[in-house]
Q: 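My questions will all concern the structure given below.
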Amino acid sequence: MNKNILVSGGAGFIGSHVCKLLNQKGYTPIVIDNLSTGYKEFVKWGPLIKADIQDKKAVKDLIQKYEPIAAMNFASYINVGESVQNPSKYYVNNVANSTIFFETLVENNVKNVVFSSTAAVYGNPIQDKIDESHPYLPVNPYGQTKLMMEQILKDFSTAYNSKYVIFRYFNATGSDPELEIGESHYPETHLIPLVVDALQGRRESITVFGDDYDTADGTCVRDYIHVLDLAEAHVLGVEHLLAGKDSCIMNLGNGNGFSVSEVIDVVKKVSGKEIPVTSGSRRDGDPGTLVASSKLAKDILNWSPKITSLEDMVNPVIQWREKWFRKN
Ligand code: UFG
């Protein structure tokens, strides 16, 4: 049996880190990416097919050529705020185009799929640590699109005998310790890279979106999870499917919440420098607190995060962005 794995969105932040680990574990990632937000220089561990995921012919051709034993889907838009402003972009790409992609997969007998979902499917939490039984009440279109795709994958599984592992990520961060790849979005909207940009002088300050939430210091609390830990879960997830085990849905988080102010303080501490901070209003669609229970991933995959301190998460981001912006 070959060890080719089809990876949509493999030129992006999380997808490229997963490809690197797949390669280290003896698999060959076959990347399909339209490079709308990804980088061709992030595709280093297997071929790149530059195409849209809804391009049925391109997907069919690459399946016939490489005969992948499973697929992973990272190709989607990911900004909560943008999804509130421009929902149609999210429903068209994350739901319509992704459904066409999965349809092409099952039509061509690729029936093991690992899918990236999100903590945003839960909306405003009603319990301290969110587990997978928490109600689904997304408060933004981004979360809605991922919830719809989860249902579509379940329906496909019933109708077409396909299988899925769905991961609900909390806040992905960190980067490859060798700094070959990292997080780079234009425009950047995520907290940790923006704090690092304020530190390194690429922006004047970091704005805190809301300081009147019902949290210890009034700023939003999130569960940050290192991309290397996410990558490890994906390899375990695909191996779970390849071993013939059942479909499942799991949270991936580190189980500890950090506030926006705590993130800023840690970047100040590890760098030994001041960072200009301004206060802003709340951002539409932001729940106050999102913290995961990842017990199910431990039970099913024997996965638990290895990099759990905020220092160890922000340090590689500081180094990566220094290097990336020197070159770009
Ligand atoms: N924030 C600021 N200032 C900024 C940017 C962000 O205060 O300039 C705050 C946000 O309001 C939020 C926190 O920092 O409270 C984290 O924001 P991010 O934009 O970094 O991340 P989100 O929590 O909005 O979303 C991320 C992913 C989503 C995923 C979600 C799940 O982008 O895909 O985590 O928790 F759904």
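Both ligands and their constituent atoms are indexed starting at 1 by order of listing.
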Q: Write out the residue and atom name of the closest protein heavy atom to atom 9 (C) of ligand 1, then the distance separating them to 0.1 Å.
A: V260 CG2, 3.7 Å
Q: Which is closest to atom 18 (P) of ligand 1 by heavy-atom distance: R222, R282, R283?
A: R283
Q: Considering only heavy atoms of C220, which atoms of ligand 1 have at least one such atom less than 4.0 Å away?
A: 15 (O)
Q: To the nearest 0.1 Å, how far is atom 2 (C) of ligand 1 from its closest protein heavy atom, and which atom is that?
A: F209 CD1, 3.4 Å
Q: Donor-acceptor check, side chain of D52 to backbone of Q54, threshold 3.5 angstrom: yes or no?
A: no
Q: Do you know the tightest heavy-atom contact between L179 and P316?
A: CD2-O, 4.0 Å
Q: Under the criterion side chain to side chain donor-acceptor pair (under 3.5 Å), which of R168, E150, K146 is the partner of S117?
A: E150
Q: May I ask you to check whether F325 and W320 place their ring centers less than 6.0 Å from one another?
A: no
Q: So between D197, L194, T289, D223, whose heavy atom ends up nearest atom 8 (O) of ligand 1?
A: L194
Q: Between Y213, Y142, F170, which one has a non-hydrogen atom sitting closest to atom 28 (C) of ligand 1?
A: Y142
Q: With heavy atoms of A119 as the reference, note each atom of ligand 1 found under 4.0 Å away.
A: 31 (C), 35 (O)
Q: H234 pairs by ring-ring contact (aromatic ring centres under 6.0 Å, His included) with which of Y169, W303, Y27?
A: Y169
Q: Keeping the roles fixed (side chain from N79, backbone from E82), state whether a donor-acceptor pair exists under 3.5 Å.
A: no
Q: If I compare all heavy atoms of F170 with all of I225, which pair ends up nearest, and what's the gap?
A: C-CG2, 4.2 Å
Q: When you measure from atom 11 (O) of ligand 1 to every protein heavy atom, which one gives the shortest distance, and what is it?
A: D286 OD2, 2.5 Å
Q: Who gets closest to atom 31 (C) of ligand 1 by heavy atom: V80, V121, T173, N171?
A: N171
Q: Give me the residue, atom name and distance of the protein heavy atom closest to atom 36 (F) of ligand 1.
A: T118 OG1, 2.3 Å
Q: List every atom of ligand 1 that sits less than 4.0 Å from any heavy atom of V208, numbering the atoms from 1 in the order shown and giving each element.
A: 7 (O)
